[in-house]
Every structure is written in C-alpha cells, then in structure tokens.
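Working notes, structure below.
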Amino acid sequence: DTGVSQNPRHKITKRGQNVTFRCDPISEHNRLYWYRQTLGQGPEFLTYFQNEAQLEKSRLLSDRFSAERPKGSFSTLEIQRTEQGDSAMYLCASTSRDRGHYEQYFGPGTRLTVT
Amino acid sequence: TQLLEQSPQFLSIQEGENLTVYCNSSSVFSSLQWYRQEPGEGPVLLVTVVTGGEVKKLKRLTFQFGDARKDSSLHITAAQPGDTGLYLCAGVANAGKSTFGDGTTLTVKP
C-alpha cells in the first residue's frame, strides 16, 4: 500500500494560466475526493468520484474548474484562467467503505500559488 | 449546511501538560474522524468514531463521541513536542464526503 500520491507538490503560476493536478489514489479504493484548503481553515469539499462517475460537485467548483477520473483510477483537477483567489492547497483523498463506514486517506497535497 | 466548530482555535502548552480539544456540530453524522496535519502536508487519519458514547484510545490520545453523535472531544495526556500540529475533526455523511472544522493548532513547548 503506497498511499495516495499527488503531483506536483508545488505549482507557481501566473494569473490567467491553466494548471492541472494529478491524484493517484490507493489502488483498491473506488471513491476519490478533491478538497481545497486555505491558510487557517479546514479542507473544503470540491467534488468526488465513485469509480469513473463524478457524483457530486460543490458550489465552490466554478466553471473554471474541471475534474476527471477517466478509468476509475487516477484523477486530474484542472483550473483554467487561474485567479489569485485560487491560491490554496489542493488535497485529494481516497476511500473505500470498510466495516460499514468510510475512512478517507489523504495525499500530501498540491500547493498552488497564483501570482 | 452542516458546520463543525472546533475549540480552542489555538492552544500552547508546556510539555507534560494535559489538554482537551472539542468539536461540536448541530448535525448528526454517520461517523466522525480526527486528523492531525503538519504544515505543507495532507491530514493524517488518527481515529474514526461511529457509535454514540464511544471512547477510543490511541496511546496518550483519548477520543470520545457524544451520545447524540453531534460532538466529540480529543484528550491528550502528558503532551510531547511531537504532538504539535493542527488537529482537525471531520463529520462524515452517508456518501463518505467529509465536512471539516477549521482545526485546533496545538503547540507543545519543550
């Protein structure tokens, strides 16, 4: 079990550019979640997948954000036309329903800085 | 909207002291989880509590879930500098989606 991995760990971009982040979940986990965390706050839910299906999106996920999980394995989160307010830590988590409840395991995150 | 409030927001204590942090909500969750997060890293799951009134112990950490499954506490005995970090609670809905509090930042001074 190698855990959840995310790439890149850090991304600095200029306002208006597009960025894409990747998440590789724990292999046997069928659910994958994206969260965003800003300084001094807890993670906020963005969206989640069960296998390849995107089942829920938060109102935080504007039309500049898109997420995919094409084969039910890794996922990508793309932000188009980045804004300074997009600067945050983007966290990915995966889970399976074990013993009747879910336990999420987080990756190390991708720190995005928009200048 | 389900909200989780954590208190205190910041806590600074000396090594060897005991402490309790709290997580309160007006909503009922199917389970509640505690995480510890270090700067620049993702949260690491410490424990999941499921049953109202449940108490779980993890070495010097004791977690309690309220009878009504709306609140929880984390008690640390004889805190050590290695306990320093951000402690987050998260309420889990039936779909597995988590709602997080804003955390308690704990600093344990040697």
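Note that this is a predicted model, so its numbers are computed, not measured. Letters go in sequence order (proteins before strands), and every chain restarts at 1.
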Notebook entry, point to check: Would one find more than 12 heavy atoms of other residues, nucleotides or ligands at under 6.0 Å from atom CD of A:Glu68?
Noted result: no

Checklist line | A:Tyr90 with A:Phe106, same ILVMFWY side-chain cluster at under 4.5 Å | finding: no

Next item on the list: Decide yes or no for B:Leu45 and A:Tyr105: does some side-chain heavy atom of the first lie under 4.5 Å from some side-chain heavy atom of the second?
Entry: yes

Next item on the list: Counting only heavy atoms closer than 4.5 Å, note whether A:Glu56 contacts chain B via side chain, backbone, both or neither.
Entry: side chain

Next item on the list: Name the member of B:Gly42, B:Gly101, B:Pro43 that forms the most heavy-atom pairs with chain A at distances under 4.5 Å.
Entry: B:Pro43

Check: Is A:Tyr33 reachable from A:Ile79 through a run of hydrophobic residues whose side-chain heavy atoms are each under 4.5 Å from the next?
Finding: no

Check: For atom CZ of B:Arg60, is the number of surrounding heavy atoms from other residues, nucleotides or ligands below 6.0 Å larger than 12?
Finding: yes

Next item on the list: Using the rule that two of Ile, Leu, Val, Met, Phe, Trp, Tyr join whenever any of their side-chain heavy atoms come within less than 4.5 Å, decide whether A:Leu32 and A:Ile26 are in one cluster.
Entry: no

Margin query: With chain B as the partner, which of A:Met89, A:Gln104, A:His10 has the greatest number of non-hydrogen pairs under 4.5 Å?
Written below: A:Gln104

Note to self: More than 12 heavy atoms of other residues, nucleotides or ligands under 6.0 Å from CD of B:Glu5: yes or no?
What the structure shows: no

Note to self: Does A:Leu60 have more than 12 heavy atoms from other residues, nucleotides or ligands lying within 6.0 Å of its CG?
What the structure shows: yes

Item checked: Considering all heavy atoms, the nearest A:Gln41-B:Asp102 contact -> CA-OD1, 3.6 Å

Checklist line | Ion pair B:Glu41/A:Arg111, N-O distance below 4.0 Å | finding: no

Check: chain A heavy atoms under 4.5 Å from B:Gln37: which part of the residue, side chain, backbone, both or neither?
Finding: side chain

Check: Is it true that a side-chain atom of A:Tyr35 and a backbone atom of B:Phe100 form a donor plus acceptor pair closer than 3.5 Å?
Finding: no

Notebook entry, point to check: Using non-hydrogen atoms only, which part of A:Gln37 is less than 4.5 Å away from chain B: side chain, backbone, both, or neither?
Noted result: side chain

Check: So which of B:Gly103, B:Gly40, B:Cys89, B:Ser98 has the biggest tally of heavy-atom pairs under 4.5 Å with chain A?
Finding: B:Ser98

